[in-house]
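Structure first, then comments.
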Amino acid sequence: MAIGDRHQKKDVEAALKRAEQAGLKVTHKKNGHTWGLVICCPCNSSHRVDCTPRNTGNAANRIDQFTERHRTCA
């Protein structure tokens, strides 16, 4: 991710950094309510990241769960 591609919520940004460190690809392309995607390239699975999640803790947990499920693929 580039410097200007940071998520505005600290919890979600931290989860996105953990996903990148695990080898997943994080793309930032703002489209409506979608901030971007977390993509597992080997299995072509993705997880949508919202711009303004209702609960930032839950959004971060969902990103972490996706990361854990796809850690072996990356």
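Treat the numbers as computed from the prediction; the structure is a model and nothing was measured. We're numbering straight along the sequence, starting at 1.
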| task | Find the distance between CG (D64) and CZ (R18) and round it off to the nearest 0.5 Å. | result |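 Result: 4.0 Å between the selected atoms.
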| field | Which residues share a side-chain contact (heavy atoms from CB on, under 4.5 Å) with K25, sequence neighbours left out | value | T27, I39, C41
| Of all residues at least two apart in sequence or in a different chain, which pass the side-chain contact (heavy atoms from CB on, under 4.5 Å) check with S45? |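 Listed in chain order: C43, F66, H70.
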Validation row: [X], [Y] side chains within 4.5 angstrom (heavy atoms):
X	Y	result
H28	W35	yes
L24	H47	no
E13	K9	no
L16	H7	yes
I63	V49	yes

| note | The side-chain contact (heavy atoms from CB on, under 4.5 Å) partner of E20 among V26, T67, V38 is V26
| said: Apply salt bridge (charged side-chain N to carboxylate O under 4.0 Å, His left out) to residues R48 and D50 and explain how you reach the verdict. | reply: CA-CA 7 Å; R48 187 182 76 144; D50 291 333; 2.9 Å; yes
| task | Quick one: do K29 and L37 satisfy side chain to side chain contact (heavy atoms under 4.5 Å, CB included)? Show the steps, please. | result | CA-CA 8 Å; K29 55 180 177 181; L37 296 170; 4.2 Å; yes
Using a 3.5 Å cut-off and no angle test, enumerate the donor-acceptor pairs between side-chain atoms of residues 53-61 and protein atoms at least two apart in sequence or in another chain.
residue	atom	partner	partner atom	Å
N55	OD1	G57	N	3.0
N55	OD1	N58	N	3.2
T56	OG1	D11	OD2	3.4
N61	ND2	G57	O	3.3

| request: Could you go through the salt bridge (charged side-chain N to carboxylate O under 4.0 Å, His left out) check for R71 and E68 one step at a time? | output: CA-CA 5 Å; R71 187 179 296 273; E68 281 301 314; 2.8 Å; yes
